[in-house]
Amino acid sequence: VMKVVVYSHDADTRALVRQAIGRRPAPDVPEAEVIEVATHPALIRLLDAGGADVMVLDGEAQPSGGMGVCRQAKDEVFGCPPVLLIIGRPDDGWLATWSQADAVVSHPIDPGALADALAGLMRQRAADAASAPA
């Protein structure tokens, strides 16, 4: 089971992401244990505790947007989990690059695209874990 953290202040966005992920976003990846987080401080506490394998961050989250949160996590968290960033529009792609996100999808959320992108990050995380020294 992989812990997939979904960060957004918007309960509807979190619900859409949860539905897109389902129990498992692809047949060849582990089951997803979805952990919903609505605030930036709660997300940082979770990361500090090592409670995430993969993260889905809403770039439109308020008051702390997912892009800034992603950049902070990539800069400050050792072994930061891969991040799927949901951006407001495709033109925000350059901001996603600045944020160091590992994958990007845009609003409105396409469940298939989100599941595919997340499955890719879950495969990456599993491969990284398998190759890590014991």
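With hydrophobic clusters built from ILVMFWY side chains whose heavy atoms lie under 4.5 angstrom apart, I87 shares a cluster with M55. Residues V105 and V4 fall within the same hydrophobic cluster, defined by Ile, Leu, Val, Met, Phe, Trp and Tyr side chains chained together at heavy-atom separations under 4.5 Å. Placement of L114 and M122 within a single hydrophobic cluster is found when ILVMFWY residues are connected by side-chain heavy-atom separations under 4.5 Å, directly or transitively. I21 and L57 are members of different hydrophobic clusters when ILVMFWY side chains are connected at heavy-atom separations under 4.5 Å. Under the 4.5 Å side-chain heavy-atom criterion for Ile, Leu, Val, Met, Phe, Trp and Tyr, V56 and V37 are members of distinct hydrophobic clusters.
The distance from atom CG of D10 to atom CG of L16, rounded to the nearest 0.5 Å, is 8.5 Å. Remark: I44 CD1 to Y7 OH distance equals 8.5 Å, nearest 0.5 Å. Atom CH2 of residue W94 and atom CE of residue M67 lie 8.5 Å apart, to the nearest 0.5 angstrom. Rounded to the nearest 0.5 Å, atoms CE (M2) and CG (L118) are 9.5 Å apart. The distance from the SG atom of C70 to the CG atom of L84 is 10.0 Å, given to the nearest 0.5 Å. How far SG of C80 is from CZ of R71: 12.5 Å, rounded to the nearest 0.5 Å.
Across every non-hydrogen atom of I86 and S106, the tightest pair is CG2-C, 4.4 Å. Pairing each heavy atom of G51 with each of I35, the nearest pair is O-CD1, 3.8 Å. In this structure, Q62 and H9 approach most closely via the heavy-atom pair N-ND1, 3.0 Å. Closest approach of A20 to A115, counting heavy atoms only: O-CB, 3.6 Å. When all heavy atoms of R18 and V34 are compared, the closest pair comes out as NH2-O, 3.5 Å. Between R125 and P81, the closest heavy-atom pair is NH1-CA, 3.3 Å.
The main-chain N or O of V83 is found under 3.5 Å from a side-chain atom of D102 such that the two form a donor-acceptor pair. Listed for the R123 side chain is no donor-acceptor partner under 3.5 Å among the backbone atoms of V29. Here the side chain of R23 pairs no donor or acceptor atom with the backbone of E31 at under 3.5 angstrom.
The side-chain heavy atoms of L85 and S99, taken from C-beta on, include a pair separated by under 4.5 Å. Residues D75 and Q100 meet the side-chain proximity criterion, which asks for heavy atoms closer than 4.5 Å. Taking 4.5 Å as the limit, some side-chain heavy atom of D58 sits within range of a side-chain heavy atom of H107.
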*Are D48 and R45 close enough, and set up right, to give a salt bridge (Lys or Arg N to Asp or Glu O under 4.0 Å), and what steps lead you there?*
CA-CA 5 Å; D48 286 346; R45 281 194 301 275; over 6 Å; no
